Amino acid sequence: MSTLFLRTLRDDPADAEVPSHKLLVRAGYVRRVAPGIYSWLPLGLAVLDKVEKVVREEMASIGSQEVHFPALIPREYFDASGRWEEYGENIFRLMDRKKAEYLLAPTHEELFTLLVKGEYSSYKDYPLSLYQIQIKYRDEARPRAGILRGREFIMKDSYSFDLSHEGLVKSYYDHRGAYERIFSRLGFDYKIVFAVSGAMGGSASEEFLARTPSGEDAFVQCTNCDYAANTEAAEVAVPPAVVSTGSTNAVQIHDTPNTPTIDTLVEVFNALGLRDEPFSAADTLKNVVLRTKAPGETEWSLLIVGVPGDREVDLKRLSGQLEPIEVEQAGPEDLAKAPLLVKGYIGPQILGLESPSKIKYLVDPLVVEGSVWITGANVEGKHAANVVRGRDFTPDGEIGAVEIRDGDRCPRCGSPLEVAKGIELGHVFQLGEKYAKAFGLTALGQEGKPVGITMGSYGVGVTRAVAALAEQTYDDKGLCWPRIVAPADVHLVATGKDDAVFVAAAKLAEELESKGVSVLYDDRYGVSPGVKFKDSELLGVPTIVIVGKGLADGVVEIKDRKTDERRNVPVASAAEVIAAVVAGTEVTAPGGQT
RNA sequence: CGGGGCGUAGCGCAGCUUGGUAGCGCACCCGCUUUGGGAGCGGGGGGCCGCAGGUUCAAAUCCUGUCGCCCCGACCA
């Protein structure tokens with residue numbers, strides 16, 4: 001370590017918020033260069049390499065072959081797929097000396113598809129799976145959380161090419177299996193959740209999320225069965241439709257001046273004394289005005305979504321389902337175009353009747369057929385009661401729009417769901433024919449006719465995995481790597497000023513290396529023991545060996561970074577014992593004599 | 001793009017209210033002491049005080065503009 005390019009920091013960097021960011025910087029694994037752009041120092045690179053090694057092994061196990069594309073790509077490739085425009089500001093664009101336009105690839109579907117098209121032309125060539133480990137560039141509006149969400153990051157991306165949907169499904173599950181092995185071997189606590197396929201098109205899609213409080217993705221998991229989904233893709237069980245008994249009263253209009261919020265509305269209604277038990281926000285139907293724009297359209301259209309008044313509309317969840325149609329909150333200028341909509345007093349009763357008939361009205365499935373609501377009367381200062389879905393209004397359709405919360409019911413078994421946070425480590429999905437069609441990738445079939453190719457797309461965030469792992473394993477002393485990715489097997493500390501200590505430690509290091517145990521040897525002379533101990537804990541190597549004052553008694557100390565269990569072993573057998581600990585082949589209980 | 005905060009040494013910060021030519025801790029270099037929990041003493045090197053303009057005898061400090069960064073939100077295979 002006396003020559004290792006490393007400088008640890010005593011203080012957290014001021015710009016870091018999440019634990020992985022603070023610790024990776026403090027422990028000298030990475031350094032910031034620009035927002036969302038980091039340099040990897042020797043220790044960080046060592047961890048990164050180990051993660052990549054696991055990824056490569058598992059990709060090989062499913063027969064995927066590694067290739068490598070450039071990150072710098074001429075515009076024409078992304079014009080061909082329409083993504084030069086579609087991807088918008090998230091693409092880093094640049095020009096060469098001849099003013100030809102290039103981009104730094106945010107993803108490589110185009111290149112993979114065209115490569116395959118150029119090389120393969122027979123059905124006999126398929127199925128095929130290719131992958132690469134590549135730096136990706138995305139000019140994120142707001143990079144954050146250090147390594148977790150950068151503008152430059154490393155991703156393993158792979159693509160499967162099949163002749164049939166059955167083939168695609170097999171490729172998909174091959175990848176899914178490989179990802180399970182990758183994340184399990186890396187030591188992640190992760191969850192596979194249903195996801196929306198997003199702008200990529202396609203159908204089946206699942207995400208691998210590392211559970212952690214600093215995660216950006218919210219997902220739900222059932223407390224009883226194994227249902228789990230990204231909240232954008234989640235469904236919730238809905239109450240049964242209300243069977244009309246014919247006894248529901250007709251719609252009544254009530255004066256409700258100054259009721260701009262659901263709370264004030266509920267208060268006014270309760271003051272009316274319409275029924276014995278008090279009304280709550282859940283008895284009101286909230287109609288939120290949004291605007292949508294389909295690709296290629298220039299004008300926004302209005303969309304109204306009805307949800308129970310005690311619920312918020314989850315725009316992320318909505319946009320996940322509406323993709324590629326854009327959706328956002330409507331502004332005053334949008335409302336001005338629909339004079340029948342009285343802000344704060346919108347009710348679905350008039351929709352579809354007159355001029356706003358062009359406005360689409362969707363309800364959350366929680367607004368079941370036959371349900372009875374208090375809602376706007378479409379007149380300033382008035383609300384309507386006893387408004388029944390199916391009698392007084394009929395929505396154009398249903399869409400899961402409410403913000404999902406703890407306690408909502410599982411769509412499969414009806415048990416309560418709980419909401420948790422996670423970091424997206426990987427994503428698998430069935431792309432289908434989108435890119436193959438766009439680029440004319442086909443194979444000549446047995447009958448001499450072209451057969452369509454169907455693709456799957458699979459990604460692992462490699463740099464993100466390093467940070468996510470730090471996020472899941474750190475403790476109050478520092479990083480705490482699972483052995484498989486640790487920058488070394490053993491952190492060997494020599495303490496004291498006695499030359500004998502350094503001689504013995506150097507010899508031990510050598511013996512360990514010869515047994516295939518990688519050693520990070522702290523041979524810094526004249527550095528106090530406290531500093532060395534703190535550093536060894538901060539760096540997070542799983543096994544710490546101390547050659548120090550025990551040497552006088554002929555022993556060295558072995559310490560487990562995670563559990564802090566310590567024991568002394570004789571110098572003579574130290575290498576052997578340590579190698580066994582590292583290999584996990586030691587049979588005696590920790591602390592026992594070997 | 002909206003809201004909030006911050007730019008002073010490699011890192012973390014003080015100084016700015018009330019202008020007088022830059023300081024503390026860590027890190028780094030030298031010497032002596034110290035060596036099982038981020039050592040002590042002494043000596044030292046390192047700063048376009050983000051940038052530009054203005055006010056002033058004098059600006060890190062006041063004014064204007066500008067650039068950048070961080071956090072929250074919007075956005076985001």
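If you're wondering where the values come from, they're calculated on a predicted model, not measured in any experiment. By convention in this document, chain letters (A, B, ...) are assigned in the order of the sequence lines, proteins followed by strands, and residues within each chain are numbered from 1.
Among the nucleotides rA77(B), rG36(B), rC72(B), the one closest to any side-chain atom of Arg142(A) is rC72(B). For Asp11(A), the listed nucleotide lying nearest its side chain is rG25(B); candidates were rC70(B), rG25(B), rA77(B). The side chain of Arg26(A) approaches rG38(B) more closely than any other nucleotide in the set rA74(B), rG38(B), rA77(B). Candidate nucleotides rU34(B), rA39(B), rG36(B) were compared by shortest atom distance to the side chain of Ser528(A), and rA39(B) ranks first. Side-chain proximity of Leu9(A) to rC11(B), rA77(B), rG37(B): nearest is rC11(B). Distances from the side chain of Ala141(A) to the nucleotides rC75(B), rU35(B), rA77(B) place rC75(B) closest. Which of rG25(B), rG36(B), rU34(B) sits closest to the side chain of Glu557(A) comes down to rG36(B). Side chain of Glu17(A), nearest nucleotide from rG38(B), rA77(B), rC71(B): rC71(B).
Taking the P atom of each, rC41(B) and rU34(B) are spaced 15 Å apart, rounded to whole Å. Only the C1' atoms considered, rU18(B) is 37 Å distant from rC28(B), to the nearest whole Å. Across the C1' atoms, rA59(B) and rC16(B) are found 10 Å apart, a figure rounded to whole Å. Rounded to a whole angstrom, the distance from the C1' atom of rC29(B) to that of rG68(B) is 33 Å. Rounded to whole Å, the separation between the P atoms of rG25(B) and rG40(B) comes to 11 Å. Taking atom P on both nucleotides, rU61(B) is separated from rU56(B) by 16 Å, rounded to a whole Å. For the P atoms, the distance from rC1(B) to rU8(B) is 24 Å, rounded to whole Å. Atom P of rC26(B) sits at a distance of 33 Å from the matching atom of rA52(B), rounded to the whole Å.
As a whole-Å value, the separation of Met455(A) CE from rA77(B) P is 17 Å. Put simply, CZ on Arg31(A) is 20 Å from P on rC69(B), counting in whole angstrom units. To the nearest angstrom, P of rC70(B) lies 9 Å from NE2 of His21(A). When rounded to the nearest whole Å, the span between CZ of Arg10(A) and P of rG25(B) equals 13 Å. In this structure, Phe5(A) atom CZ and rA27(B) atom P are separated by 18 Å, rounded to whole Å. As rounded to whole Å, 13 Å separates atom P of rU35(B) from atom NZ of Lys549(A). Here the P atom of nucleotide rG12(B) and the NZ atom of Lys22(A) are 13 Å apart, to the nearest Å. In this structure, CD of Glu140(A) is placed 15 Å from P of rC69(B), rounded to the nearest angstrom.
Side-chain to base pairing of Asp12(A) with rG12(B): no donor and acceptor N or O lie closer than 3.5 Å to each other. Side-chain atoms of Glu537(A) come within donor-acceptor range of the base of rG37(B), with a qualifying N/O pair under 3.5 Å. Scanning atom types as modelled, no donor and acceptor separated by under 3.5 angstrom connect the side chain of Tyr435(A) and the base of rA77(B). Side chain Arg32(A) to base rG68(B): no donor-acceptor pair is found below 3.5 Å.
Residue order along RNA chain B, read from the 5' end via each residue's closest nucleotide, puts Gly496(A) first among Tyr458(A) and Gly496(A). Toward the 5′ end of RNA chain B lies the nearest nucleotide of Pro13(A), the other residue of the pair Pro13(A) and Gly36(A) mapping further downstream.
Shown here, rC49(B) forms no base pair; nothing in the strands shown gives a Watson-Crick or G-U wobble contact with both key distances under 3.5 Å. Pair assignment for rG20(B): rC57(B), on the basis of Watson-Crick or G-U wobble contacts that are both within less than 3.5 Å. Of the nucleotides present, rG44(B) is the one that pairs with rC28(B) by Watson-Crick or G-U wobble criteria, both distances under 3.5 Å. Under the Watson-Crick and G-U wobble criteria, each requiring two contacts below 3.5 Å, nucleotide rG38(B) is left unpaired. Judged by Watson-Crick or G-U wobble contacts below 3.5 Å, the nucleotide rC69(B) has rG5(B) as its partner.
No engagement by Val25(A) is indicated, since no non-hydrogen atom pair under 4.0 Å with the nucleic acid exists. The residue Lys477(A) sits apart from the nucleic acid: no heavy atom pair falls under 4.0 Å. Among the atoms of the strands shown, only primed sugar atoms or phosphate atoms (P, OP1, OP2) are found under 4.0 Å from some heavy atom of Arg7(A). Nucleic acid contact for Asp498(A): none, since no nucleic acid atom lies under 4.0 Å from a heavy atom of the residue. Arg524(A) comes within 4.0 angstrom of nothing in the nucleic acid, heavy atoms only. Heavy atoms of Glu206(A) sit nowhere under 4.0 angstrom from any nucleic acid atom. Contact annotation for Ala14(A): backbone-only contact, meaning every heavy-atom pair under 4.0 Å involves sugar-phosphate atoms and none involves a base. Across all strands shown, Glu216(A) has no heavy atoms under 4.0 Å from either base or sugar-phosphate atoms. Looking at heavy-atom distances under 4.0 Å, Phe208(A) makes no contact with the nucleic acid at all.
Side-chain contact of Asn230(A) with Glu207(A): a donor-acceptor pair under 3.5 Å is present, judged by distance alone. Side chain to side chain, Thr563(A) and Asp560(A) meet the donor-acceptor criterion of an N or O pair below 3.5 Å. Using a 3.5 Å distance cut-off with no hydrogens or angles, the side chains of Ser158(A) and His175(A) do pair a donor with an acceptor. A donor-acceptor contact closer than 3.5 angstrom is absent between the side chains of Glu109(A) and Tyr435(A).
Residue Lys534(A) has no polar side-chain atom (N or O) positioned under 4.0 Å from OP1 or OP2 of rG38(B).
In this structure, the ring of Tyr131(A) has its center no less than 6.0 angstrom from the ring center of Phe112(A). A centroid separation of 6.0 Å or more is found between the aromatic rings of Tyr474(A) and Trp481(A). Side-chain rings of Phe502(A) and Tyr525(A) approach one another, their centers coming within less than 6.0 Å. Annotation: His427(A) is not in aromatic contact with Tyr179(A) [ring centroid separation under 6.0 Å not met].
Remark: Phe208(A) CZ to Ile423(A) CD1 distance equals 15.5 Å, nearest 0.5 Å.
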